[in-house]
Amino acid sequence: MNPLAQELNRILDGSVCLDLLSDFGKRFYFPRGIALQSVEASEHAHRFNATVGMAYSEGHPIELETIREHMPLLSPAEAVAYAPSPGLPALRKLWREEIYRKNPSLNKREISLPVVVPGLTSGITQIADLFAGEGDTVLVPDMFWGNYRLIFEVRNGSVIKTFPFFTDEGKLNIQAFVNAMRSSAKNGKIILLVNFPNNPSGYSPTNEEAHTLASAVREVAEEGYKILVVTDDAYFGLFYEEDTFKESFFALAANCHENVLAAKVDGPTKEDFCWGFRVGFLTFASPSMTMEQYDALNKKVGGALRGSISNSSRPGQSILLKTLEKLDHDEEKKKWVEVLKERYLKVKEILETRSTGRELTPMPFNSGYFMSFNCGSVDAEKLRLELLHKEGIGTISIGSDCLRVAFSSIDTKDLQPLFDAIFAAADRLAG
């Protein structure tokens, strides 16, 4: 094993993190090569900096005029220069402050400095590489984003194990979480991945459910299990009901127990309506870890990034930094969250007053972009194709039982005709 990796592992010794790392994660480190030497040069090379593989003129990165025309408010460095592998330092610090602001339950507990990743998918991939090795079990509710299979199973050889997300009464199935954690533990290690608001169901826990789930995780941790709790917060902030827990579950897991390591994958993709920026963040927290250990873990993440994508989009990071610094940023964002809430309420109204499509049972939803139907006797894929080819309507089928509808992409005035067509198509197929 490389001496740099050994040194990082030595620093992590005594924390829950080292016990949870995969063999790959234990092998990784941030190299003292071009990237690190370039960082050192940027701090100390006051005469000439001949390190980084970029072209400069008069002290600024060379920039084509056609690119300049499309990004007139960014300097050449902000627009076309490389970003450090872990991301722009100012953006990382600002995003950490945003996490504290949005999650008061953290109570300023020490968390790692977020590492910038090229989108949330990459953040989950880094988690998989560092913690989910060949044959490791990854727990997810049975309502989960299909890309998890590609990331954990196809790419890493881990095994996804599902459990019922909802009880028969339509509540979060806390007991299923607990049972799955105990039954899946391998060598005392548990990996639990939660996604609130959930894709595809559009459900987030109530305040009571969130705290009960945190207590359940703590109970399992107290039995000696080492638990990695990954929160996929892709749709964070899009909460539409008063009793919904409006923080990330990361905030509760971070304070949970010394045997728990919380990993938060988030970003502006949906929170700030900039899907194509491909900028995300990866942040860690555990009562058992020090800032020196967080730094060691971040160097492993930085090494994994360096060995795969090198660094994330510089213009995306530059624009996001400027956006977050604007005083009216939250008010501007709130306006569009209200638009999505209006659409959510309209869907609720449509479902409550419908007289057709009774074969379709809506799953619980209260947040995010989506709602989903349990299709009963109607095959979901056949319903999707019926809608697509006969009605010109696009939806997503998940297996043969579930049809997902993204109300986020439909104007409020068009929701009634959309659902009328879905109900009519389901009635045709039900015979």
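Because only heavy atoms are used, hydrogens play no part in the values below, and waters and symmetry mates are left out as well, while side chains stay in. Numbers here are sequence positions counted from 1. The model shown is predicted, which means the values in this text are computed figures rather than measured ones.
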#### Entry: Any Val265 side-chain heavy atom under 4.5 Å of Thr231 side chain
no
### Query
If we ignore angles and hydrogens, is there a donor and acceptor under 3.5 Å between the side chains of Glu241 and Tyr344?
yes
### Query
What are the two closest non-hydrogen atoms of Ala216 and Met181, and how far apart are they?
O-CE, 4.4 Å
### Task
Check each of Ile191, Leu193, Val230, Val117 against Ile127 using the side-chain contact (heavy atoms from CB on, under 4.5 Å) test, and report the only one that passes.
Val230
### Query
Of the non-hydrogen atoms in Gln126 and Leu282, which two are nearest, and what is the gap between them?
CB-CD2, 4.0 Å
### Candidates Ile160, Val140, Val138 - the one meeting side-chain contact (heavy atoms from CB on, under 4.5 Å) with Arg149
Ile160
### Query
Given Lys299 and Asp295, is the salt bridge (charged side-chain N to carboxylate O under 4.0 Å, His left out) satisfied, shown in steps?
CA-CA 6 Å; Lys299 285 178 179 175; Asp295 183 58; 3.5 Å; yes
#### Entry: Side-chain ion pair, Arg428 and Glu386, N-O less than 4.0 Å
yes
### Query
Are Glu331 and Lys335 ion-paired here, with the side-chain N under 4.0 Å from a carboxylate O?
no
### Message
One pair to check against salt bridge (charged side-chain N to carboxylate O under 4.0 Å, His left out): Glu97 and Lys108. What are the steps and the verdict?
### Response
CA-CA 10 Å; Glu97 289 307 308; Lys108 286 293 181 178; 3.3 Å; yes
### Query
Would you say Met371 and Ser201 make side-chain contact, with heavy atoms under 4.5 Å?
no
### Query
So does Lys189 pair up with Asp19, basic N to acidic O under 4.0 Å?
no
### Message
Using a 6.0 Å cut-off, check whether atom CD of Glu222 has over 12 heavy atoms from anything other than its own residue.
### Response
yes
### Message
Under the ring-ring contact (aromatic ring centres under 6.0 Å, His included) definition, can you give me all pairs with a residue in residues 277-313, not counting sequence neighbours?
### Response
Trp95-Phe281
### Query
Hey, does the side chain of Asp414 reach the backbone of Ile410 with a donor-acceptor pair shorter than 3.5 angstrom?
no
### Query
Is Arg218 paired with Glu258 through a side-chain N to carboxylate O contact shorter than 4.0 Å?
no
### Message
Counting only heavy atoms not in Lys171 (residues, nucleotides, ligands), do more than 12 fall under 6.0 Å from its NZ?
### Response
no
### Query
How long is the gap from CG on Asn195 to CG on Asp233, to the nearest 0.5 Å?
8.0 Å
#### Entry: Euclidean distance, Leu21 CG relative to Leu228 CG, rounded to 0.5 Å
9.5 Å
### Query
Any salt bridge between Asp427 and Arg358, counting N to O under 4.0 Å?
no
### Query
Run the salt bridge (charged side-chain N to carboxylate O under 4.0 Å, His left out) check on Lys341 and Glu338 step by step: do they pass?
CA-CA 5 Å; Lys341 182 177 180 179; Glu338 285 301 311; 5.0 Å; no
### Atom pair CG (Leu403) and NZ (Lys382), whose distance is rounded to the nearest 0.5 Å
14.5 Å
### Query
Is any side-chain heavy atom of Arg96 less than 4.5 Å from a side-chain heavy atom of Ile111?
yes
### Query
Which pair of non-hydrogen atoms, one from Ile190 and one from Leu20, has the smallest distance, and what is that distance?
O-CD2, 4.1 Å
### Query
Do we see a donor-acceptor contact under 3.5 Å between the side chains of Asn199 and Arg404?
yes
### Query
What are the two closest non-hydrogen atoms of Ala132 and Ser158, and how far apart are they?
O-OG, 3.1 Å
### Side-chain heavy atoms of Ser112 within contact of Met291, under 4.5 Å
no
#### Entry: Heavy-atom donor-acceptor pair, Asn366 side chain to Ser204 backbone, under 3.5 Å
yes
### Message
Can you tell me how far apart CD (Glu381) and SG (Cys375) are? Round to the nearest 0.5 Å.
### Response
10.5 Å
### Query
Can you find a pair of side-chain heavy atoms, one from Leu150 and one from Arg155, that are under 4.5 Å apart?
no
### Query
Taking the six-membered ring of Phe423 as reference, does the NZ or CZ atom of Arg354 fall below 6.0 Å from its centre and within a 45° cone about the axis?
yes
### Message
I need the Ser408 OG to Leu238 CG distance, nearest 0.5 Å.
### Response
9.0 Å
### Sub-4.5 Å side-chain heavy-atom contact between Phe373 and Pro362
yes
### Task
For Glu359 and Ser377, test the side chains for any donor-to-acceptor distance below 3.5 angstrom and give the result as yes or no.
yes
### Query
With the threshold set at 4.0 Å, does a side-chain nitrogen-carboxylate oxygen contact exist between Lys346 and Glu349?
yes
### Task
Establish, for the pair Arg343 and Phe407, whether the NZ or CZ atom is under 6.0 angstrom from the six-membered ring centre and no further than 45 degrees off its axis.
no
### Message
Using every non-hydrogen atom in the two residues, find where Gln317 and Gly87 come nearest and quote the distance to one decimal.
### Response
OE1-CA, 3.4 Å
## Note on the structure
Taking every heavy atom of Thr162 against every heavy atom of Asp142, the minimum-distance pair comes out as CB-CA, 3.9 Å
### Query
Does NZ or CZ of Lys246 fall inside the cone over Phe236's six-membered ring, less than 6.0 Å from its centre and within 45° of the axis?
no
### Task
Give every residue pair that meets the ring-ring contact (aromatic ring centres under 6.0 Å, His included) criterion with at least one member in residues 176-211, sequence neighbours excluded.
Phe163-Phe177, Phe166-Tyr203, His211-Phe245
#### Entry: Flag, side chain of Asn207 to backbone of Asp243, donor-acceptor distance under 3.5 Å
yes
### Message
Looking at Ala221, is its backbone amide N or carbonyl O close enough to the side chain of Asn259 to form a donor-acceptor pair, meaning the two atoms are under 3.5 Å apart?
### Response
yes
### Task
Verify salt bridge (charged side-chain N to carboxylate O under 4.0 Å, His left out) between Lys264 and Asp232, making sure each step is shown before the conclusion.
CA-CA 7 Å; Lys264 183 179 189 350; Asp232 176 356; over 6 Å; no
### From Ser85 atom OG to Asn298 atom CG, the distance as rounded to the nearest 0.5 Å
12.5 Å
### Query
Thinking salt bridges, do Arg101 and Glu98 make one under a 4.0 Å N-O criterion?
yes
### Task
State whether a side-chain donor-acceptor pair under 3.5 Å links Thr137 with Ser184.
no
### Message
Between Arg182 and Glu219 (salt bridge meaning N to carboxylate O under 4.0 Å), is one present in this structure?
### Response
yes
### Query
Do other residues, nucleotides or ligands put more than 12 heavy atoms under 6.0 Å from Asp328 CG?
yes
#### Entry: Close side-chain approach of Lys102 to Ser248, heavy-atom, < 4.5 Å
no
### Message
For a 4.5 angstrom cut-off between non-hydrogen side-chain atoms, does Tyr369 reach Leu340?
### Response
yes
### Task
Without swapping roles, check the side chain of Arg314 against the backbone of Asn311 for a donor-acceptor pair under 3.5 Å.
no
